[in-house]
Amino acid sequence: MSLTGETGASQQLPHENGKPDFDLIEPRALDRHEFSTSVSIGIVIGETNYESPEHILRDADSAMYKAKGAGKGCYFVFNKNLYQLALDHFSLEAELRRALKNNEFILNFQPIVDLKTDQLYGFEALVRWQHPVRGLLYPGTFMPLAEESESVELIDFWVLKKACQTITDWQTRGLIQGPLRVSINFSARHFSKLSFFGRIDELITRYGVAGKYLTFEVTEHGLMKGAESVTQTLEQIRDRDIHISIDDFGTGYSSLSYLHRYPINILKIDRCFVRDLHQQPQNAAIVRAIIALANSLKVNTMAEGVETATERDHLAALGSHFAQGHLFASPMQEEAATNLLSRAKIVDL
Ligand code: C2E
Ligand code: MG
Ligand code: MG
């Protein structure tokens, strides 16, 4: 297999997926400035059983997206597994569109509390899918596949819309007396989309929801994937008064050097570190380190998956600001969240 570059020279690619041993992102001089563009290559090996050129291009496209997902300057050779994955994506996307049309998604709200006052600080919006055949589905069963394709966009913007509707309803009923934030999980995949802010602005304007009522949660893992333009995107989110929380913090195996550049508000301590905090010295050491890091960055911490009073007490003693978990309340339907809100006081941060 060969690749012909701009110079016309033909370069050899090995038959495995990965990075070629020549530079795909070599900078070019343009009017005294140096520009680098990234290249991702999808390769299809010619086989006789293709019936039309469109099918070859379709498979090359799938391979190209796989190469993109693997990082900059990579190539990917199409294989049968990818074909199955493409079929799965295709049917999931079709199913998701049908589910949206038939109102099969449900939004649950899990309360978040302030550990200093034990009062309600806000809610995390968590999606569920009431599937007509498979029953109630939790995000773990459909999100990973949706995250690998454009489908995740359908879900995340549905969640934002639904959360905005709920906040407006709470405002109209006079249930929001002070600051309250609803956290929405956003896949970092959207960040590179030109339409991202247009869609957000359209929704928050349509429902009259000020950014100060929203937090976007992005996983540490997701942020690392698109490190280059992420700072700008996060700054634009901050400019709208929307808070940014790094979800599942500590599990992304990432370099910490990016943290001081990002305008973040909250580090969300993953529940694997919260579990049995009092019996697991390694977990306690990690939580202590995350809280110290957050304090030096002047951001808050939120512990997730708090199930016991002992865990809560340890977290409070270590200085974590917020917490959520079954100990306080499990994710609940909108009506239950509305009832809770009407009984609770909102803390002023
Ligand atoms: P996450 O954002 O880390 O959400 C927290 C998960 O922990 C939720 O699972 C929640 O139900 C669960 N949880 C809460 N308290 C406890 C507890 O005390 N113990 C235990 N063991 N678990 C607890 P869920 O709802 O199944 O969501 C799983 C993940 O799916 C979420 O993790 C989030 O990453 C993703 N997700 C959920 N909704 C959305 C969405 O609308 N968009 C995107 N992109 N991702 C979503
Ligand atoms: Mg989350
Ligand atoms: Mg999490």
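All figures in this text were calculated on a predicted structure; none of them were measured in a lab.
Using modelled atom types, one side-chain atom of H321 and one backbone atom of T301 make a donor-acceptor pair closer than 3.5 Å. In terms of modelled atom types and a separation under 3.5 Å, the side chain of N265 and the main chain of I244 share a donor-acceptor contact. Between the T168 side chain and the Y207 main chain, a donor and an acceptor come within less than 3.5 Å of each other. In this structure, T117 contributes its side chain and Q119 its backbone to a donor-acceptor pair below 3.5 Å.
Side-chain atoms of C164 and L160, non-hydrogen and from C-beta on, do get closer than 4.5 Å to each other. Counting only heavy atoms from C-beta outward, the side chains of Q324 and F123 never approach each other to under 4.5 Å. For the pair D61 and M64, the minimum side-chain heavy-atom distance is below 4.5 Å. The closest side-chain heavy-atom distance from E104 to P132 is below 4.5 Å. Inter-residue side-chain proximity for V127 and M143 is flagged as met; some heavy-atom pair is nearer than 4.5 Å. In this structure, the side chains of M302 and L267 stay at 4.5 Å or more apart for every pair of heavy atoms. Using a 4.5 Å cut-off on side-chain heavy atoms (C-beta onward), R58 and P53 make no contact. Taking 4.5 Å as the limit, every side-chain heavy atom of V182 sits out of range of all side-chain heavy atoms of T166.
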Q) Should Q333 and N108 be marked as a side-chain contact (heavy atoms from CB on, under 4.5 Å) after you check the CA-CA gap, both sets of side-chain angles, and the distance that decides it? A) CA-CA 5 Å; Q333 302 249 359; N108 274 192; 4.3 Å; yes
Q. For I246 and I266, what are the C-alpha separation, side-chain angles and deciding distance, and is it a side-chain contact (heavy atoms from CB on, under 4.5 Å)?
A. CA-CA 6 Å; I246 303 196; I266 292 173; over 6 Å; no
Q.
Run the side-chain contact (heavy atoms from CB on, under 4.5 Å) test on F76 and I41 for me, step by step, so that the C-alpha distance in whole Å, both residues' side-chain angles and the decisive distance to 0.1 Å come before the verdict.
A. CA-CA 6 Å; F76 198 93; I41 303 174; over 6 Å; no
(Q) Working note: W170 + L180, criterion side-chain contact (heavy atoms from CB on, under 4.5 Å); need CA distance, chi angles, decisive distance, verdict. (A) CA-CA 11 Å; W170 289 342; L180 168 109; 4.0 Å; yes
Q: Please assess E220 against K268 for the test salt bridge (Lys or Arg N to Asp or Glu O under 4.0 Å), listing each intermediate value before the final yes or no.
A: CA-CA 10 Å; E220 184 189 16; K268 228 174 152 177; over 6 Å; no
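Neither side chain, Y213 nor D241, offers a donor N or O lying under 3.5 Å from an acceptor on the other. A donor and an acceptor atom, one from each side chain of N185 and E124, are located under 3.5 Å apart.
With sequence neighbours excluded, no residue forms a salt bridge (charged side-chain N to carboxylate O under 4.0 Å, His left out) with E235. In this structure W129 satisfies the ring-ring contact (aromatic ring centres under 6.0 Å, His included) test together with F105, H131, F142, sequence neighbours excluded. Residues passing the salt bridge (charged side-chain N to carboxylate O under 4.0 Å, His left out) test with R189 are E150, sequence neighbours excluded. Contacts of R288 classified as salt bridge (charged side-chain N to carboxylate O under 4.0 Å, His left out), with partners at least two apart in sequence or in another chain: none. Applying the salt bridge (charged side-chain N to carboxylate O under 4.0 Å, His left out) test to E307 and every residue at least two apart in sequence or in another chain returns nothing. Considering only residues two or more places apart in sequence or on other chains, F157 meets the ring-ring contact (aromatic ring centres under 6.0 Å, His included) condition with F186, H190.
Within a 6.0 Å radius of NZ in K193, more than 12 heavy atoms belonging to other residues, nucleotides or ligands are found.
When all heavy atoms of G305 and E311 are compared, the closest pair comes out as O-OE1, 3.9 Å. Nearest heavy-atom pair across V159 and A125 is CG1-CB, 4.1 Å. The shortest non-hydrogen separation linking A146 to L92 is N-CD2, 3.6 Å. Annotation for S330 and H326: closest pair OG-ND1, 3.0 Å, computed over non-hydrogen atoms. Scanning both residues, A284 and L318, for their nearest heavy atoms gives O-CD1, 4.3 Å. In terms of heavy atoms, A329 sits closest to M332 at CB-CE, 3.7 Å.
When hydrophobic clusters are built by joining Ile, Leu, Val, Met, Phe, Trp and Tyr residues whose side-chain heavy atoms come closer than 4.5 Å, directly or via intermediates, Y75 is grouped together with I45. A chain of hydrophobic side-chain contacts below 4.5 Å, direct or via other Ile, Leu, Val, Met, Phe, Trp or Tyr residues, connects F249 to L297. Residues V113 and L126 do not share a hydrophobic cluster, clusters being chains of Ile/Leu/Val/Met/Phe/Trp/Tyr side chains in contact below 4.5 Å. Hydrophobic clustering, with ILVMFWY side chains joined whenever heavy atoms are under 4.5 angstrom apart, keeps I106 apart from L340. In the hydrophobic clustering of this structure, L107 groups with I242; members are Ile, Leu, Val, Met, Phe, Trp, Tyr whose side-chain heavy atoms approach within less than 4.5 Å, directly or through other members.
Here the CG-CD distance, from L100 to E95, works out to 11.5 Å after rounding to the nearest 0.5 Å. Atom CD1 of I43 and atom CZ of F78 lie 13.0 Å apart (nearest 0.5 Å). T172 OG1 to I167 CD1: the interatomic distance, rounded to the nearest 0.5 Å, is 11.5 Å. Note that OG1 of T308 is 9.5 Å distant from NE2 of H314, once rounded to the nearest 0.5 Å. Remark: I264 CD1 to L234 CG distance equals 8.5 Å, nearest 0.5 Å. Taking OG1 of T233 as the start and CG of L223 as the end, the distance is 9.5 Å to the nearest 0.5 Å.
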Identify every side-chain donor-acceptor pair in residues 134-141 under 3.5 Å, counting partners at least two apart or on other chains, and give the distances.
from, atom 1, to, atom 2, distance (Å)
T141, OG1, Y138, O, 2.7

Using atom types as modelled, flag every donor-acceptor pair under 3.5 Å from a side chain in residues 198-206 to any protein atom, sequence neighbours excluded.
from, atom 1, to, atom 2, distance (Å)
R199, NH1, E153, OE2, 2.7
D201, OD1, R240, NE, 2.7
D201, OD2, R240, NH2, 2.8
E202, OE1, R206, NH2, 3.2
E202, OE2, R206, NE, 3.1
E202, OE2, R206, NH2, 3.3
T205, OG1, D201, O, 2.5

Listing, residues 269-282 side-chain donor-acceptor contacts under 3.5 Å, not counting sequence neighbours, or none:
from, atom 1, to, atom 2, distance (Å)
D270, OD2, C272, N, 3.0

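The salt bridge (charged side-chain N to carboxylate O under 4.0 Å, His left out) pairs that include a residue from residues 320-332 number zero, where partners must be two or more places apart or lie in different chains. Identified under the salt bridge (charged side-chain N to carboxylate O under 4.0 Å, His left out) test for residues 154-168, with sequence neighbours left out: K162-E334. The list of salt bridge (charged side-chain N to carboxylate O under 4.0 Å, His left out) pairs with a residue in residues 167-183, not counting sequence neighbours, reads D169-R173.
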